[in-house]
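No hydrogens, no waters, no symmetry mates; every other heavy atom, side chains included, goes into these values. Chain letters run A, B, ... following the sequence lines, proteins first, then strands; residues in each count from 1. None of the values given here were measured: they were computed from a predicted structure.
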2 protein chains.
Amino acid sequence: MPYHSTPLDLAFHALSDPTRRAVVSRLAQGEVPVSALAEPFDMALPSFAQHLKVLEQCGLIVSEKRGRSRWCKLVPARFDEAADWMEAERRRWAERLDRLEVYLDKNEEDEAHDKPA
Amino acid sequence: MPYHSTPLDLAFHALSDPTRRAVVSRLAQGEVPVSALAEPFDMALPSFAQHLKVLEQCGLIVSEKRGRSRWCKLVPARFDEAADWMEAERRRWAERLDRLEVYLDKNEEDEAHDKPA
DNA sequence: AGAATGGTAAGGCATATGCCTTAGTAACGC
DNA sequence: GCGTTACTAAGGCATATGCCTTACCATTCT
């Protein structure tokens, strides 16, 4: 999706794959080396490494090579951007429903007093 | 991404495009017909319609044809699944950091009392 | 009825994605 | 040094994505 690819685009794209979400999920535990991360997945290592590359390129994780293994860890900032966007939308949606409810209640009241629109 | 495509995959994929996020964002206002939704975008209508199709197929929106225009509205449930997943991860992450902090504080205290690990 | 409006269908094109295999390279273990 | 371990590079293949254009309906306006 390099047509546009803002950080948010990339983060959501990264999270649209179950393998990558599982990695993110696992990294809540802290740092994990690539081999340990890859172990649960029935996938060739190079394929799995691509997923890590996607996560790293969009800034959801960082990694560092120590000896012959590479350790990965989450970067909450990028994750938060996406989560914050979702919460903000959720709030906007909820506010609209609240206003709608107030409006409906008001009309009901008016009707009770014989003052329809 | 029909390799896997759970609802969560599809929702995140749908949200990875800025045009589609803008549509979701706009629909917080309520129902909007396709032409009005499409108006801000410099894109042929059929291209835009594809984006709506993606949103509808993953359950983020529903639409209904009235007369010759189609009205779209948000479906919060699917959106919430994605938002909930993100919040749950965020919480797990925060909890781990809390435990880490407690652990570090404890060690600091121990050191102060001359009892290192 | 005939034209305009609001989509929808169909198909085409360039690029991206997700997987694979094979072939390296760098660090450790003996 | 030599084999093993842990990745990394390179390239290939099928399918998906995002855009386009050119038809083609329905519905509504005049």
In numerical order, the residues of residues 27-34 of chain B whose heavy atoms come under 4.0 Å of DNA chain C are B:V34

Applying salt bridge (charged side-chain N to carboxylate O under 4.0 Å, His left out) to B:E87 and not counting sequence neighbours gives B:R90

Contacts satisfying side chain to side chain donor-acceptor pair (under 3.5 Å) that involve residues 27-42 of chain B (not counting sequence neighbours) are B:E31-B:R66

- prompt: Hey, is the side chain of A:T19 poking within less than 4.0 Å of OP1 or OP2 on C:dG18, counting only N and O atoms?
  reply: no

With sequence neighbours left out, the residues meeting side chain to side chain contact (heavy atoms under 4.5 Å, CB included) with A:A36 are A:R26, A:V32, A:P33

Open item on the list: Looking at D:dT17, I'd like to know if its phosphate oxygens (OP1 or OP2) sit under 4.0 Å from a side-chain N or O belonging to B:H13.
Closed with: yes

In short, side chain to side chain donor-acceptor pair (under 3.5 Å) pairs touching residues 44-54 of chain A with sequence neighbours left out are A:R20-A:H51

Note to self: Counting only side-chain nitrogens and oxygens, does A:S35 get under 4.0 Å of the OP1 or OP2 atom of D:dT5?
What the structure shows: no

Here the distance between atom C1' of C:dC19 and atom CZ of A:F41, to the nearest Å, is 15 Å

Between CG of B:L52 and P of C:dG6 the distance, given in whole Å, is 15 Å

A:Q57 atom CD is separated from C:dT17 atom P, nearest whole Å, by 10 Å

Separation of D:dC7 atom C1' from A:K53 atom NZ, nearest Å, is 14 Å

Do B:T6 and A:R21 have side-chain heavy atoms sitting under 4.5 Å apart? yes

Residues passing the side chain to side chain contact (heavy atoms under 4.5 Å, CB included) test with B:C72, sequence neighbours excluded, are B:L27, B:V34, B:L37, B:L52, B:I61, B:S63

Residue set satisfying side chain to side chain contact (heavy atoms under 4.5 Å, CB included) with A:A82, at least two apart, ordered chain then number -> A:L8, A:A11, A:F12, B:M86

Sorted by chain and residue number, the side chain to side chain contact (heavy atoms under 4.5 Å, CB included) partners of B:P76 (sequence neighbours excluded) come out as A:W93, B:D80

Sorted by chain and number, sequence neighbours left out, salt bridge (charged side-chain N to carboxylate O under 4.0 Å, His left out) with A:R92 holds for A:E89

Residues in residues 59-74 of chain A with a heavy atom under 4.0 Å of DNA chain D, by number, are A:K65, A:R68, A:S69, A:R70

**OP:** Kindly indicate whether the side chain of B:L60, heavy atoms from C-beta on, has any atom under 4.5 Å from the side chain of B:V23.
**Re:** no

Residues of residues 42-51 of chain A with a heavy atom under 4.0 Å from any atom of DNA chain D, listed by number, are A:L45, A:P46

Quick note, ring-ring contact (aromatic ring centres under 6.0 Å, His included) partners involving residues 26-49 of chain A, not counting sequence neighbours, are A:F41-A:F48

